[in-house]
Amino acid sequence: MPELPEVEISRRGIEPHILGREVTGVVVRQPRLRWPIPPDLGRQVSGRRVEAVERRAKYLLLRLQQGTLIIHLGMSGSLRILPSGTPPGRHDHVDLLFGDHCLRLRDPRRFGAVLWTREAVEEHPLIRHLGPEPLAPEFSGDGIYQLARARRVPVKNLIMDGRVMVGVGNIYANEALFAAGIHPHRPCNRISLARYRDLSEQIRRILSEAIRQGGTTLRDFRQEDGRPGYFARRLTVYGRAGEPCPGCGGTIRQRHIGQRSSYFCPHCQR
DNA sequence: AAATTCTCCTGAAGGC
DNA sequence: TGCCTTCAGGAGAATT
């Protein structure tokens, strides 16, 4: 499931293959993703050159001449660079053609999205309200602490809220809270500034490490060359219910918070 | 108004 | 072996 590191890895993987290249066509085999793919996408983007390949939160932004393609990988999306004409698999829904090769989106669960906007992408409804990037140099716990004071949701919900900060999905939220010794259920307004600063640092550290490891492959994620990521072996608590906590030897618990699974050590995390 | 629930979809895993 | 059921999960929309 692509979270921020997986999207950044995809960005770095595809950039050298498409930056500066002209889109020669688009093939849409299945337009029904999270939102329908615009029917005239091919006409809109063909002939335009890729001027930048960026990432904002978990959105990939392909800046073309006079517009931006917004790609979201949803739950199960992945991007591959392939020779043009490579036979598509069952869930290969979209190809962006670049002459001899193509950028192919595979997304079995179809929660992803491919959208086109000619407006300033920073003002797009999906982008406009996004919180700060954890990997930006100026990111610290201070802003989060201020926001948290006015709310009382569990801290895990807070850090997964894209308006508060972006890119922290379920896996990394669990890991960061363990690393910071904070209980995922703790009301977010009952955590000190010092602990938010530490938590922010842990989020940065874990996301950076995951990027270095090629991301976390749990089910479908593949790097652009088809290799899986290797961060899964570094996960300390996620998916380890019943196993011993590496900190105290106690048992890692799993509980549901919202609709998602939390994994934590009730002894080390308070 | 903040917080929770619902919804999209299908692969994987577990039970019998 | 294989069918059936349950679960997971990002994020906007709907609901409380």
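A, B, ... follow the sequence lines: proteins, then strands. Residue 1 opens every chain.
One atom, CH2 of A:W35, and another, C1' of B:dC8, lie 11 Å apart when rounded to the nearest Å. Whole-Å rounding puts the A:L147 CG to B:dA2 P distance at 11 Å. Rounded to whole angstrom, the span from the CZ atom of A:R128 across to the C1' atom of C:dA11 amounts to 17 Å. Protein atom CG of A:N174 is 10 Å distant from nucleotide atom P of C:dG10, rounded to whole Å. In this structure, A:Q30 places its CD atom 9 Å from P of B:dC9, rounding to the nearest Å. Rounding to whole angstrom units, CD1 of residue A:I171 and C1' of C:dA8 are separated by 11 Å. Between the CG atom of A:D161 and the P atom of B:dA3 there is a distance of 9 Å, given to the nearest Å. Following rounding to the nearest Å, A:I159 (CD1) and C:dA11 (C1') show an atom-to-atom distance of 16 Å.
Distances were taken from every side-chain heavy atom of A:Q254 (C-beta onward) to each of B:dA3, C:dG12, C:dA8; the shortest belongs to C:dA8. Here the side chain of A:N157 is nearest to one of B:dA3, C:dG10, B:dT4, namely B:dT4. Which of B:dA3, B:dG11, C:dG10 sits closest to the side chain of A:V153 comes down to B:dA3. Side-chain atoms of A:L126 lie closest to C:dG12 of the nucleotides C:dG12, C:dA11, B:dG11. Distance from the side chain of A:H91 is smallest for B:dG11 among the nucleotides B:dG11, C:dG10, B:dC9. The side chain of A:Y59 approaches C:dA11 more closely than any other nucleotide in the set C:dA11, C:dA8, B:dC9.
A:R34 has no side-chain polar atom (N or O) that falls below the 4.0 Å cut-off from OP1 or OP2 of B:dT7. Proximity of A:S76 to the phosphate of B:dT10: no side-chain N or O atom is located under 4.0 Å from OP1 or OP2.
For A:R109 against C:dA11, a side-chain-to-base donor-acceptor contact under 3.5 Å is absent. Judged by atom type and distance alone, A:R260 reaches the base of C:dG10 through a side-chain donor-acceptor pair under 3.5 Å.
A:R205 and A:E201 are not joined by a salt bridge, as no carboxylate oxygen comes within less than 4.0 angstrom of a charged side-chain nitrogen. Salt bridge A:D92/A:R80: absent, no basic N to carboxylate O contact under 4.0 Å.
Side-chain contact check for A:E3 and A:Y172: no donor-acceptor pair (N or O, by modelled atom type) lies under 3.5 Å. Using a 3.5 Å distance cut-off with no hydrogens or angles, the side chains of A:S262 and A:Q254 do not pair a donor with an acceptor.
Where stacking is scored as ring centres under 5.5 Å apart with planes under 30°, A:F111 registers as stacked on the base of B:dC8.
Using a 4.0 Å heavy-atom distance criterion, A:R90 is classed as a sugar-phosphate-only contact.
Ring pair A:H185/A:F264 is tilted by interplanar angle, where 30° to 60° counts as tilted.
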